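Read through the structure below, which is laid out as structure tokens, and then see the notes.
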Amino acid sequence: MGRSGGLRVLKFGGSSVATPERVKAVGAVIRNAAKKHRVVVVVSAFQGITNQLLECARRAERGDRTFEELYLALADRHRQACSELLRASDTSTRESVENLLQELRQALHGISLLRYAPPRALDLTASFGERLSATIISGFLNRSFRAPSVDAREMVVTDDQFMHAAVLFDKSNPAIRATLQHIWKSHGPRAVPIVTGFIGSTEDGLTTTIGRNGSDYTAAIVGAALDASVVEIWTDVDGILSADPTAVPSAFVLSQVSYEEAMELSYFGAKVLHAASIAPAVARDIPILIKNTFNPTAPGTLISRKTDPWEGVAKGISSVDDVTLLTVRGAAMVGVPGTAERLFRTLGSHRINIILISQASSEHTVCLAVYSSDAPRARKAIMQEFRHEMQLKSLTLDEKPAQTIIAIVGEGMKGTPGVAGKVFNALGRNHVNVSAIAQGASERNISFVIDSQQKVRALNVIHQAFFETRKRLGLVVIGVGNVGGALLRQLEKQQAELRRQGFDIAVYGIANSKRLLFSPAGIALNTWKEQLDAAQEPMQVEALIRHVLSLGVPNIALVDCTADAKLVDAYPNFVKANMHIITPNKLANVLPWKRYAALTELMRERQKYFFYEANVGAGLPIISTLRDLIASGDTVVKIEGIFSGTLSYLFNGYNGGKPFSAFLQEAYQLGFTEPDPRDDLTGEDVGRKLLILARQLGLKMDMNDIRVETLVPAPLRTMKFSDEFFRELAKYDDAMQRRLGRARLRGAVLRYVGTLQGNAAYAQLREIPLNHPFASTKGSDNIIMFTTHRYSRTPLIVQGPGAGADVTAMGVFSDILKLLHWLPW
Ligand code: ADP
Ligand code: ASP
Ligand code: MG
């Protein structure tokens, strides 16, 4: 049967046959393919069944009678599948299924009597999964066309290494051809054989399996024996992705990968394809196509000699869990010829699979990664082999359990300098510690070992650094009152445009003081309010941080839209969870110097950004202007301005026509002041802004270094706030009136002005000449004037509305954009 025959092998994994519903979808795919081509199908056990069968055997071995319940549940699932998939008249399939279940029960019974389940018995037990699924699927397909089931044990011949038997190709290939020819002879050339994956038998007829996930391998073996034109692996994802999508949400489908790339990725844990499947395909140059049963029109991933013309340096990233790192260290490793060789030979002779080796250039240490299940045997073997060296202490052995290997794979890495540097840079910035590193001899991969706890983060960090051209930023917004609410509205409106520009902003968490809404998939911003109202989880910082850490996404910012001091206390914890901080909340920036310095130092050390444009002048670019001036080498001489929107409004409008207290009460009623207007009148807030600017200039100042004039008369400072306050304040109206009158006589107006000059910072109500820029402010304008060496004769002035939810949110938004632009990618 030549390639021109266009024979296709289609393999359906456990995920494709998880439920009868899914089997029906599989039926549609097969029917379509069979219309155009000669087709052979390979199937896995229904999803989860192999694990359950092995668990049954282990329980039976332990004498744990609950194996029977598990057996019954499993039998039931197959009977249920029969009733949903088979015609009522199809008694023969039902009978075959009952026979298999009966045989399985006997096998388990045998194990429980003997209290012994050697690998050979485990293989027999496991074989029922594929035998049952092939029988039922064949029965289902027989309703519309000929689809006889084929037991691979008739044709896949293996050695007797039970559980991971090696296929004997010289025996298997002719047997496969003969068996299938026979099928087509007796059922007709259009018949579609349904072959059990994963299982085979020894020459003596003992049942074996060829390794977990081995149905892919069966498909490749059958494809190679029949010289198929393509082997199609049908699964539950759109192809091979740049990373495991369950860990890296932004992973994307690779349209073409080379055999070698696919091999490296699957060897290092991408279970979408069994690593062994590549070899038979390569030998005959048969392409492998990965397809999604649930999205059959998606093009999938083509694995062949060619690689994608799109050449990033790296193609994909994968990981292997449950690894132990063994470090052999000591003088005996240096210059004693053959020590390393002895080490590997010993492990080899104990059939311990070394997944990764890394040798320090000093030759002083050798690191080996092995599966944790092999670790005790590996340790024993090494201790035995090197017992003399160990006694003399010229060699030591360290063991580090719970490790994960991460591999970065791509043809483009060959000869590209700096890849390792980029990896470690990205990991370092995100506090992932690497305990060993190795570069594959092929130079097609770099792999490294980390603590398993850090796996998700490491995968995402590397994925972002190597594979993503889009810039991604995750946000957690706390406080959804005026400013937070406005910010979320603005974000929603801009999301599409930002995407177009290559930026992805996802809001993972939203919280108010009571509730926390968190979604690893990102919160849909058009319904955040409803979702938050419905959220069950109480807002707690520790829980929030746990969510963020489990997300593992690099570049997440806390957006604190509260005025909450307790949240500010928790900033260090957020920073330690690798979050940047963006906030209009001034409290962090006015903390006592020691705490402020500790916080900024922590952020520096952790390479996290802290942006707070909205601290001063709401949406006006005050902080950023100041930063730019300093960064570009200018020297600031003086900063002076009207920093309070409320005080600005009050003195822009107060013209003596109405008493000051009445004018204030009106502003209060219009909502232009703080709930207690004294919070505006004390000038405290202006003082805070001056402190924030002073600290920008590098001045080591605290609140008590700032002199502020309060406009609240002394007797009124402690009373409870009520309308009574305005009546009391009326007693001082005359004094204010006189101040205004004096100013007018001198051709001036009153303005509440903050000044920062040299080491002095103060705020007070001042007379401002009419020709001064401060005299012409309107509404609640802020105006800030920077006098610098460069801007000496004409100061640099920033003026505009300096209060209100929308402009404040805009200031926060500008910080978010700044972060997007500044982050290293
Ligand atoms: P099947 O049951 O069809 O054999 P598997 O569960 O064995 O399917 O393999 C498919 C799964 O492999 C996907 O659902 C995905 O979670 C996982 N996976 C891991 N790494 C990758 C990757 N790089 N690309 C695609 N899938 C991957
Ligand atoms: N059913 C087997 C397993 O679970 C083989 C496979 O699914 O490919 O390992
Ligand atoms: Mg699989």
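Whatever order the structure lists them in is the order used to number ligands and atoms, beginning at 1. Just so it is clear, the structure is predicted and the values come from calculations on it, not from any experiment.
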Query - Test item: Ile221 and Phe169 side chains (from C-beta on) under 4.5 Å apart, heavy atoms - result: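 With C-beta onward as the side chain, the pair touches.
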Query raised in the report: Heavy atoms, side chains only, cut-off 4.5 Å: are Arg212 and His274 in contact?
Result: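 Arg212 does not reach His274 side chain to side chain.
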Any donor-acceptor N/O pair, [X] side chain to [Y] backbone, under 3.5 Å:
| X | Y | result |
| --- | --- | --- |
| Arg177 | Ala225 | yes |
| Arg22 | Ser15 | yes |
| Thr324 | Val370 | no |
| Ser112 | Ala60 | no |

Query - Under-2.8 Å protein N/O/S neighbours of the Mg ion (ligand 3), ordered by chain then residue number - result: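 Listed by chain and number, the nearby protein N, O or S atoms are Asn213 OD1.
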Would you mind running through ligand 2 and noting each atom that sits below 4.0 Å from a heavy atom of [X]?
| X | value |
| --- | --- |
| Glu130 | 1 (N), 2 (C), 5 (C) |
| Thr50 | 1 (N), 2 (C), 3 (C), 4 (O) |
| Arg212 | 3 (C), 4 (O), 9 (O) |
| Gly214 | 5 (C), 6 (C), 8 (O) |

Query raised in the report: For atom 7 (O) of ligand 2, which protein heavy atom lies nearest, and how many Å away is it?
Result: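 The answer is Ser44 OG, 3.4 Å.
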Query raised in the report: Can you pull the residues with any heavy atom under 4.0 Å from ligand 1?
Result: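 These residues qualify: Lys11, Gly13, Gly14, Ser15, Asn213, Thr235, Asp236, Val237, Gly239, Ile240, Leu241, Ala243, Asp244, Pro245, Thr246, Ala270, Lys271, Val272.
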Query raised in the report: Which residue pairs satisfy the ring pair (Phe, Tyr, Trp, His ring centres under 6.0 Å) criterion with at least one member in residues 39-60, sequence neighbours excluded?
Result: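 Passing the test, one end in residues 39-60: Phe46-His78.
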Can you find a side-chain donor-acceptor pair between [X] and [Y] that sits under 3.5 Å?
| X | Y | result |
| --- | --- | --- |
| Gln161 | Asp159 | yes |
| Asp322 | Ser372 | no |
| Arg153 | Ser127 | no |
| Thr158 | Thr208 | yes |

Report task. Could you say whether the N/O atoms of Lys11 and ligand 2 ever approach to under 3.5 Å? Result ->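 No, no N or O pair falls under 3.5 Å.
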Query raised in the report: Sequence neighbours excluded, which residues qualify as salt bridge (Lys or Arg N to Asp or Glu O under 4.0 Å) partners of Asp238?
Result: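 If we apply the salt bridge (Lys or Arg N to Asp or Glu O under 4.0 Å) test to Asp238, skipping adjacent residues, there are no hits.
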